[in-house]
Amino acid sequence: MSKIKMQRWGVLGTGMIARKFADNLMHSHPGCLANVGSRNLSKAGAFAEEFGMPSSGGYMDVLKDRSVESVYIALPNGMHHEWAIKALNSGKNVLCEKPIASNKREAEEMYAVANNTGKVLVEAFMYRTDPAIINLLDLVHSGEIGDVRLIRSNFSFARDIDQDDARYDPMQAGGSLMDVGCYCVNFCRAIVGMNPNEVSAFAHIHSSGVDDYAAGLLRFGDETLATFTCGMTVKNDWSTFIAGTKGQIRIENPWFSEGKFTVSHPQGIRKLEFKSPMEPYSREAEAFSSIVEGDTLPWITAMDTIGNMRTLDALRKHANVQFPE
């Protein structure tokens with residue numbers, strides 16, 4: 001990684017995830033914070049001062065900045081499509097927060113622009129760059145636990161609701177399925193290595209109109225079933241459990257992993273550890289820089305992202321969740 005050319009980053013958004021990215025990026029060798037954009041110029045200025053950025057302004061100010069090579073989009077879901085396309089057409093590589101768009105159609109349009117401009121577009125599922133997740137998936141795909149039959153995955157949180165929080169806005173493609181359920185869907189699909197052929201979901205609808213917690217079922221072929229739970233107003237464990245014909249794997253927190261998971265066979269239990277020396281968003285920034293330099297392939301491919309969006313569209317339709325189509 002030390003030979004990777006330093007990327008000069010622009011950040012669109014000043015919320016919680018943008019702050020985590022900026023903080024981690026300060027400790028990433030191939031990452032330099034150059035500019036930040038917000039609808040609120042005072043917030044952009046304060047963000048730039050806090051993280052040592054030389055420039056700040058509105059979103060277009062970031063895209064017009066010739067020193068910015070790559071843009072990290074940490075805006076509400078409903079704004080990803082518009083600003084990713086504008087960034088790509090401005091000659092910037094784009095790392096776009098998950099879920100990449102409001103629906104599958106938008107995701108396809110974004111990748112079409114990336115192909116036409118020759119720029120890199122990657123969906124920011126940072127957990128997929130974790131060495132523990134990479135090794136877990138390698139073990140599953142190598143047949144360590146036999147054929148996968150059952151998966152259980154969970155991701156939910158409970159925090160005070162801000163009335164301006166876009167996660168509670170149906171027209172911004174908010175809701176728990178999109179905010180954290182997308183992780184569970186992505187992980188289940190990565191474990192099995194294919195898209196589900198059948199889905200179902202049940203959701204509780206918040207007074208704002210979005211799903212604030214939900215449960216889903218995915219069928220992969222004729223043999224594999226996956227269940228998941230997600231929520232924004234309920235506390236739950238964050239574990240994922242994978243049961244195969246020869247054994248099972250359990251990881252307590254794949255989303256912000258401590259680098260550990262357990263493999264169980266009839267003959268015994270192994271506790272494996274693959275510690276990462278880097279913070280998750282630093283690791284993601286380095287992985288992205290490696291893609292830009294042509295050294296590696298994306299950890300989340302266009303096909304993977306579009307498959308995830310197609311699944312999320314189907315889950316929301318089954319659960320009668322309102323979303324932009």
Side-chain angles (χ1 to χ4, degrees), residues 1-2 4-77 79-80 82-84 86-88 90-100 119-130 157 159 162 164-167 179-180 183 255-257 276-293 299-300:
M1 287 293 186
S2 61
I4 296 175
K5 175 180 173 290
M6 179 170 289
Q7 292 290 307
R8 290 183 59 82
W9 286 88
V11 178
L12 299 189
T14 57
M16 178 185 66
I17 299 300
R19 300 181 73 83
K20 288 183 177 180
F21 181 83
D23 178 70
N24 283 189
L25 194 65
M26 292 174 69
H27 305 98
S28 172
H29 171 72
C32 173
L33 295 165
N35 205 327
V36 60
S38 173
R39 288 174 293 185
N40 185 317
L41 296 185
S42 63
K43 285 186 177 181
F47 192 99
E49 182 177 358
E50 179 180 355
F51 293 104
M53 292 182 172
S55 302
S56 65
Y59 302 145
M60 283 307 303
D61 292 312
V62 176
L63 303 189
K64 291 177 181 178
D65 186 341
R66 293 185 179 181
S67 74
V68 171
E69 300 165 288
S70 296
V71 171
Y72 174 64
I73 296 180
L75 300 172
N77 299 337
M79 300 174 70
H80 291 179
E82 175 187 359
W83 287 101
K86 286 181 177 178
L88 292 164
S90 297
K92 314 301 185 187
N93 302 299
V94 174
L95 177 62
C96 185
E97 257 308 317
K98 43 50 59 184
I100 201 168
K119 292 299 175 179
V120 174
L121 171 64
V122 177
E123 185 177 25
F125 272 116
M126 53 76 189
Y127 87 100
R128 289 283 295 272
T129 66
D130 189 323
F157 61 87
R159 67 166 60 102
D162 183 339
D164 296 323
D165 192 338
R167 289 173 297 184
D179 191 49
V180 284
Y183 282 93
W255 325 123
F256 298 95
S257 168
S276 173
M278 303 180 68
E279 294 296 324
Y281 296 96
S282 295
R283 189 176 59 233
E284 180 180 54
E286 288 209 358
F288 186 86
S289 297
S290 182
I291 296 165
V292 171
E293 291 302 299
W299 66 94
I300 299 288

Chemist: Within the supplied structure, the quantity of interest is the number of heavy atoms (other residues, nucleotides, ligands) at a distance under 6.0 Å from Lys86 NZ; does it exceed 12?
Modeler: yes
Chemist: Indicate the atoms forming the closest heavy-atom contact of Val62 with Gly37, along with that distance.
Modeler: CG2-N, 3.3 Å
Chemist: Taking only residues two or more places apart in sequence or in another chain, which ones pass side chain to side chain contact (heavy atoms under 4.5 Å, CB included) with Arg128?
Modeler: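 Applying side chain to side chain contact (heavy atoms under 4.5 Å, CB included) to Arg128 gives Phe125, Ile133, Leu137, Asn186, Ala190, Trp299, Ile300, Asp304.
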Chemist: Which atom names give the shortest non-hydrogen contact between Ser38 and Ala44, and what distance separates them?
Modeler: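 Answer, listing the atom of Ser38 first, then Ala44: CB-CB, 3.9 Å.
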Chemist: Name all pairs fulfilling the salt bridge (Lys or Arg N to Asp or Glu O under 4.0 Å) condition that reach into residues 51-68, sequence neighbours left out, sorted by first residue then second.
Modeler: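 Not a single pair qualifies under salt bridge (Lys or Arg N to Asp or Glu O under 4.0 Å).
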Chemist: So, using salt bridge (Lys or Arg N to Asp or Glu O under 4.0 Å) as the criterion, who are the partners of Glu69 when residues are at least two apart?
Modeler: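 Here the qualifying residues are Lys5.
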Chemist: Distance-only, no hydrogens or angles: does the Ser289 side chain make a donor-acceptor pair with backbone N or O of Ala285 under 3.5 Å?
Modeler: yes
Chemist: Give me the atom names and distance for the closest heavy-atom approach of His80 to Ile100.
Modeler: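 Where His80 meets Ile100 most closely, the heavy atoms are CB-O, 3.0 Å.
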Chemist: Say you draw a straight line from CE of Met126 to CH2 of Trp255; how long is it, rounded to the nearest 0.5 Å?
Modeler: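 Answer rounded to 0.5 Å: 10.0 Å.
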Chemist: Search all heavy atoms of Thr129 against all heavy atoms of Ala287 and return the closest pair with its distance.
Modeler: CG2-CB, 4.1 Å
Chemist: Are Trp9 and Phe51 close enough that their ring centres sit under 6.0 Å apart?
Modeler: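 So the answer is no for these two rings.
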Chemist: Between the main-chain N or O of Val36 and the side-chain N or O of Ser56, is there a donor-acceptor pair closer than 3.5 Å?
Modeler: no
Chemist: Take atom CD in Glu50; do more than 12 heavy atoms of anything else shown fall under 6.0 Å from it?
Modeler: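 It does: Glu50 CD has more than 12 such atoms within range.
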Chemist: Looking at every non-hydrogen atom in both residues, tell me the closest pair between Val94 and Ile73 and how far apart they are.
Modeler: CG1-CD1, 3.7 Å
